Enquirer: 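Okay, here's the structure, questions in a sec.
Owing to the predicted nature of the structure, the values given are computational and were not obtained by experimental measurement.
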Amino acid sequence: MNLLTKSKWAMYGANPILFFTREMKMKMPPKLREFVLWFVNEATRNKPIRAIVCGPRGGGKSKVLAGLEFWLWRFLDWDITNLGGSKSQADTVFAFLANLINSPDVQWLVGKTIQSETVKAPEAGKGWIRVLAASQTQVRSPHAGDETRGGALIQDEVCEMDDELAVAAHPIVNTANPSAIIESSTFHKAFGEFQERWDAGEWKRFSWDCFDVSQKCEYACEGERWKAEGGTCPVLDFCKGRAHTSEGWMLIDEIIQSWRDHDREWFEIEMMGMRPSVGGLVYAPELVRLAFGGAAPDSPGTSPAIGHDWGFSGESFMVQVSVRDGLVWVDKAEFWNQTSDTIMIERVSSLAKTTSASVLADSSHPFQNDTLSKLCDDFRPVVFSKEKATGVGYVKHLFEKKLLRIPDASPGHRRLYNQLRNYMKDAATGKPEKKHDHGPDALMCACLHLMAEGIAQEVVKEQKEYPPGTIRFRGMIIHNPDDEDDDEDDD
């Protein structure tokens, strides 16, 4: 390395923003500069770092994090684990890093580099960077840092990870001095690890939206240009004129076109970094929260039932419920990903025999259900097109009457809880979306058995006059059109 190159990199060590603008080819608007300078200041003072970053799609989160990872590795000899919410996310980060690592100015530092790991040459110091996709194996990766060097866990798009994986990865840095953990994401879910961490306010919070990182807008906020929109820029309520002084890269025309192409909620989440509205949730989140927690009872319950939701190529879910002292308890909650049908059939049928439980499985897999029916004493398929609305109404009734209990007893129970909190209604149809639905569907199937037995009917004491269109079952209000109107208002 010649003297000029050494001098350049010495400047980058002292001025990280210069590194980002020259080597990362990034524009650095004020909110990104604030984040980078705060992080570097804490790292160089050997302070433990905990930060959470929220931003829009295309808002530079992954790129700025990749730049920070390289800077820490290059100048401070840190170990870095970057955990992406998906493989494509990990690939994106590695592409940013590869541009730096493959630079002639940097090659002398590199001992080895492959897709998942870059290690410094011994003569250049210490430190490695691992770029991985979140999985049960990767969250138990080697510890980053040691008693003399820093280590960082960078979690990119946390909302795309299972909450349990995100939390399980944190000990990766517990041997580092100092340690750093950053959770970064767009708010793709209303509830979960990222959302709870943000709300707690215990970690340093950074956020920006599309107008914080947009190019400078040259358009007037009102005038002939916006005649079709009533004379006013269609995104003025979000921008509030900030883009007139912005220093970023997102094209104003593209931002406006995104508003025109999508609904308001999509724009608020993907472009403004806002949280999804809870008005479109199937079950009230505060009631789901009240139902969750504590240990499972030791005594067996009555009216045991198992619900099973088949997954065509992804997740399958099994939930067992029973009744104790007038309350419906989730005794078992188990899930599988890309697992053979034989294993799931054996588990469901074995549990049914052990607990004398009725089995209700979704009707989408007739051949598997035929096998189950021969192995279980009491089995029936659930036709979602005919029964799901009624079943969801019954589960909603259990939540509202505070009759459902979901103990914090296993990974399956926690996954069921998280899916119930994020179970959304389709804005156009008002029906539950096909997202975060495997656990809720399995619970619904199991609860259909309790509904058929009249469980919880005695607690419902409604007025004798019912609105037209009310659906009742053994004394229970399963569907009330007045409630439906309220839901539509909330949406």
Side-chain angles (χ1 to χ4, degrees), residues 85-86 133-140 158-169 188-189 191-193 282-283 288 291-293 296 304-322 328-352 354-355 357 359-365 368-369 371-372 376 379 381-382 384 388 391-392 395 404-424 432-449:
S86 63
S135 69
Q136 289 286 356
T137 301
Q138 305 297 13
V139 298
R140 291 168 177 80
V158 175
C159 287
E160 300 302 318
M161 300 181 194
D162 288 344
D163 287 346
E164 293 166 9
L165 293 182
V167 175
H188 288 129
K189 296 188 294 187
F191 297 97
E193 157 64 17
V282 175
Y283 303 120
V288 177
F292 179 73
I306 295 171
H308 188 74
D309 182 69
W310 296 103
F312 279 97
S313 59
E315 182 176 271
S316 295
F317 218 113
M318 178 193 77
V319 171
Q320 183 181 34
V321 300
S322 65
V328 176
W329 284 85
V330 175
D331 297 324
K332 299 285 185 183
E334 301 175 14
F335 61 96
W336 298 268
N337 282 293
Q338 297 179 336
T339 302
S340 74
D341 295 336
T342 301
I343 292 174
M344 291 185 284
I345 289 170
E346 181 179 340
R347 173 57 180 153
V348 172
S349 61
S350 174
L351 183 62
T354 302
T355 60
V359 177
L360 297 89
D362 85 73
S363 61
S364 63
H365 285 50
Q368 291 85 341
N369 284 342
T371 303
L372 261 180
C376 301
F379 172 88
V382 176
F384 280 16
K388 184 168 180 174
V392 168
V395 175
L404 187 60
R405 296 291 184 271
I406 307 170
D408 187 2
S410 73
H413 284 85
R414 290 187 286 277
R415 187 166 183 80
L416 172 63
Y417 167 60
N418 284 321
Q419 289 188 357
L420 287 165
R421 291 192 303 168
N422 289 285
Y423 194 27
M424 302 287 291
E433 290 184 342
K434 288 296 295 176
K435 296 177 182 177
H436 313 295
D437 63 337
H438 297 293
D441 281 349
L443 174 65
M444 179 272 299
C445 287
C447 286
L448 280 171
H449 174 76

Enquirer: Please enumerate all residues that pass salt bridge (Lys or Arg N to Asp or Glu O under 4.0 Å) together with Asp362, with sequence neighbours excluded.
Expert: none

Enquirer: Report the residues that fulfil salt bridge (Lys or Arg N to Asp or Glu O under 4.0 Å) with Asp309, sequence neighbours left out, ordered by chain and then residue number.
Expert: none

Enquirer: Listed by chain and number, what are the salt bridge (Lys or Arg N to Asp or Glu O under 4.0 Å) partners of Glu160, not counting sequence neighbours?
Expert: none

Enquirer: Going by the rule side-chain hydrogen bond (donor to acceptor under 3.5 Å, both in side chains), which residues pair with Ser349 if we only count those two or more places apart in sequence or in a different chain?
Expert: none

Enquirer: Applying salt bridge (Lys or Arg N to Asp or Glu O under 4.0 Å), can you list everything that pairs with Arg415, at least two apart in sequence or on another chain?
Expert: Asp162, Glu315

Enquirer: Can you list everything that forms a side-chain hydrogen bond (donor to acceptor under 3.5 Å, both in side chains) with Ser410? Sequence neighbours excluded, please.
Expert: His413

Enquirer: Could you tell me which residues satisfy ring-ring contact (aromatic ring centres under 6.0 Å, His included) with Phe335, sequence neighbours excluded, listed by chain and number?
Expert: Phe317

Enquirer: Could you list the residues that satisfy ring-ring contact (aromatic ring centres under 6.0 Å, His included) with Phe379, not counting sequence neighbours?
Expert: none

Enquirer: So, using side-chain hydrogen bond (donor to acceptor under 3.5 Å, both in side chains) as the criterion, who are the partners of Ser350 when residues are at least two apart?
Expert: none

Enquirer: Going by side-chain hydrogen bond (donor to acceptor under 3.5 Å, both in side chains), name the residues that satisfy it together with Lys332, two or more places apart in sequence or in a different chain.
Expert: none

Enquirer: List for me each residue that meets ring-ring contact (aromatic ring centres under 6.0 Å, His included) alongside Trp329, sequence neighbours excluded, and say none if there are none.
Expert: none

Enquirer: Mind checking side-chain contact (heavy atoms from CB on, under 4.5 Å) for His449 and listing every partner two or more places apart, or none if nothing turns up?
Expert: Ala305, Ser358, Leu360, Asp378, Glu453

